[in-house]
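Contents: one structure, followed by commentary.
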Amino acid sequence: MEQRILIVDDEESIVTLLKYNIEQAGFDTEVAYSGIDALEKASEIPFDLIVLDVMLPGMDGMEVCKQLRQMQVNTPILMLTAKDDEFDKVLGLELGADDYLTKPFSPREVVARIKAILRRMVQVNKEVEVKNLQIADLSIYPEQYEATIKGQALTFTPKEFELLLYLAQNLGRVLSRDQLLSAVWNYDFAGDTRIVDVHVSHLREKIEPETKKPVYIKTIRGLGYKMEAPK
């Protein structure tokens, strides 16, 4: 069964271009030309990934992303933005997007990013052979893409879960931001390491008893991060 991609952009020429190239790469596609239409379709139809433009009429892509995550729709989101502005990129990631591309872009790069995100998800699912992980009160179940704290279910975006799993699989090891970018995002973000910090911040909000005094994910100043089992 072909994987289904939702393409969201209000420019018909861009939708046509993306639809053609994504289908040529072997995916099935659905399109939406507004934020409201995208929100309705993404909340009712199971997609494997959403390509979401930021600048949309009525409801922009940031709001669509935010509402989908609040509705517990954790479909991976690749955001498209015409603004080459770090704040916008980081805000999108804070709201739950998994990746972003700045316009203008080549259709080939969009397809490459889609494949990278989906490939990483498949790799994580294959790692079920690496048994479920238990770190103090934190339980991680790779096959289900789920984790709990003291038996209470936690909710993650796909990228947050992949980062948590990678940190847990490297328990006690100091990992640089560049290492995490390479391992979890599967390609080089050209030093845009704040992406890692944003996702670590999200994880801490969900698993740490006190976010300002983390006991699971420690910051190693000047180096990166390390996951530990709380004493």
Side-chain angles (χ1 to χ4, degrees), residues 65-66 69-70 72-77 86-87 89-100 116-231:
C65 182
K66 178 181 177 182
R69 295 315 187 214
Q70 288 175 343
Q72 310 300 316
V73 177
N74 291 321
T75 307
I77 295 175
E86 183 183 5
F87 175 77
K89 297 170 185 174
V90 173
L91 177 60
L93 293 165
E94 286 177 341
L95 293 175
D98 295 271
D99 197 356
Y100 63 82
I117 294 169
L118 296 176
R119 183 168 60 245
R120 182 60 193 162
M121 292 187 67
V122 169
Q123 288 172 349
V124 171
N125 283 330
K126 284 182 178 177
E127 286 164 2
V128 295
E129 297 166 11
V130 180
K131 58 189 177 181
N132 297 336
L133 300 171
Q134 186 70 44
I135 303 171
D137 294 325
L138 175 64
S139 305
I140 303 173
Y141 307 99
E143 185 174 21
Q144 291 83 16
Y145 247 72
E146 293 175 355
T148 63
I149 282 278
K150 296 183 178 179
Q152 295 293 313
L154 302 169
T155 301
F156 301 100
T157 67
K159 197 58 64 180
E160 288 169 359
F161 183 83
E162 290 161 20
L163 177 58
L164 176 67
L165 181 60
Y166 189 75
L167 287 165
Q169 289 173 332
N170 289 276
L171 189 68
R173 180 183 171 197
V174 179
L175 300 167
S176 71
R177 290 172 175 81
D178 286 336
Q179 282 178 296
L180 292 170
L181 282 172
S182 176
V184 177
W185 279 263
N186 215 27
Y187 53 85
D188 185 10
F189 264 81
D192 200 354
T193 55
R194 192 175 170 192
I195 294 164
V196 175
D197 299 334
V198 167
H199 282 74
V200 167
S201 176
H202 285 176
L203 290 181
R204 283 175 170 164
E205 288 173 4
K206 296 173 181 182
I207 71 172
E208 299 287 0
E210 295 182 58
T211 55
K212 293 183 179 179
K213 296 179 181 179
V215 294
Y216 284 100
I217 304 175
K218 299 290 186 69
T219 299
I220 310 301
R221 192 172 299 277
L223 294 174
Y225 296 102
K226 176 174 68 170
M227 176 165 270
E228 293 182 344
K231 297 176 181 178

*Taking it one step at a time, do Asp197 and Tyr225 satisfy side-chain hydrogen bond (donor to acceptor under 3.5 Å, both in side chains)?*
CA-CA 9 Å; Asp197 299 334; Tyr225 296 102; 2.6 Å; yes

*Looking at CG of Leu95 and CZ of Arg69, how far apart are the two atoms once the value is rounded to the nearest 0.5 Å?*
10.0 Å

*Which is it for Thr157 and Ile77 under the side-chain contact (heavy atoms from CB on, under 4.5 Å) test, yes or no, and what are the steps along the way?*
CA-CA 9 Å; Thr157 67; Ile77 295 175; over 6 Å; no

_Sub-4.5 Å side-chain heavy-atom contact between Leu154 and Leu138_ = yes

_Among His199, Arg204, Glu205, exactly one meets side-chain contact (heavy atoms from CB on, under 4.5 Å) together with Ser201. Which residue is that?_
Glu205

_Heavy-atom count check: over 12 atoms from other residues, nucleotides or ligands less than 6.0 Å from Lys206 NZ?_
yes

*Output, in order, the C-alpha distance, side-chain angles, deciding distance and verdict of side-chain contact (heavy atoms from CB on, under 4.5 Å) for Ile207 and Ile217.*
CA-CA 9 Å; Ile207 71 172; Ile217 304 175; 4.0 Å; yes

*State, to 0.1 Å, how close Ser176 and Gln179 come at their nearest heavy-atom pair, and which atoms those are.*
N-OE1, 2.8 Å

*Taking everything shown except Gln152 itself, do over 12 heavy atoms lie less than 6.0 Å from its CD?*
no

*Can you tell me how far the NZ atom of Lys218 sits from the CD atom of Glu228, to the nearest 0.5 Å?*
4.0 Å

*Where is the tightest heavy-atom contact between Arg177 and Gly224, given as atom of each residue plus distance?*
NH1-CA, 3.9 Å

*asked:* I'd like to check Lys159 versus Ile195 (side-chain heavy atoms, cut-off strictly below 4.5 Å). Are they in contact?
replied: no

_Closest non-hydrogen atom pair, Cys65 against Ala97_ = SG-N, 3.5 Å

*asked:* Show the nearest heavy-atom pair for residues Ala168 and Met227, with the distance to one decimal.
replied: CA-SD, 3.5 Å

*Under the side-chain contact (heavy atoms from CB on, under 4.5 Å) criterion, do Glu162 and Tyr145 qualify, and how do the steps go?*
CA-CA 9 Å; Glu162 290 161 20; Tyr145 247 72; 2.9 Å; yes

*Find the distance between CG (Leu171) and NZ (Lys226) and round it off to the nearest 0.5 Å.*
9.5 Å

*Got a second to check how far Leu180's CG is from Leu167's CG, nearest 0.5 Å?*
5.5 Å

*Start with the C-alpha distance between Phe161 and Ile140, add both sets of side-chain angles, then the distance that settles side-chain contact (heavy atoms from CB on, under 4.5 Å), and finish with yes or no.*
CA-CA 9 Å; Phe161 183 83; Ile140 303 173; 3.8 Å; yes

*Nearest atoms (heavy-atom pairs only) where Gln134 meets Ser139*: OE1-OG, 2.6 Å

*Approximate separation, where rounding is to 0.5 Å, of Leu175 CG and Asn170 CG*: 5.0 Å

*side-chain contact (heavy atoms from CB on, under 4.5 Å) partner of Val200, chosen from Thr219, Leu164, Leu163*: Leu163

_Show the nearest heavy-atom pair for residues Ala183 and Tyr166, with the distance to one decimal._
CB-CZ, 3.4 Å

_Looking at Glu208 and Tyr216, would you say the former's side chain and the latter's main chain have a donor-acceptor pair under 3.5 Å?_
yes

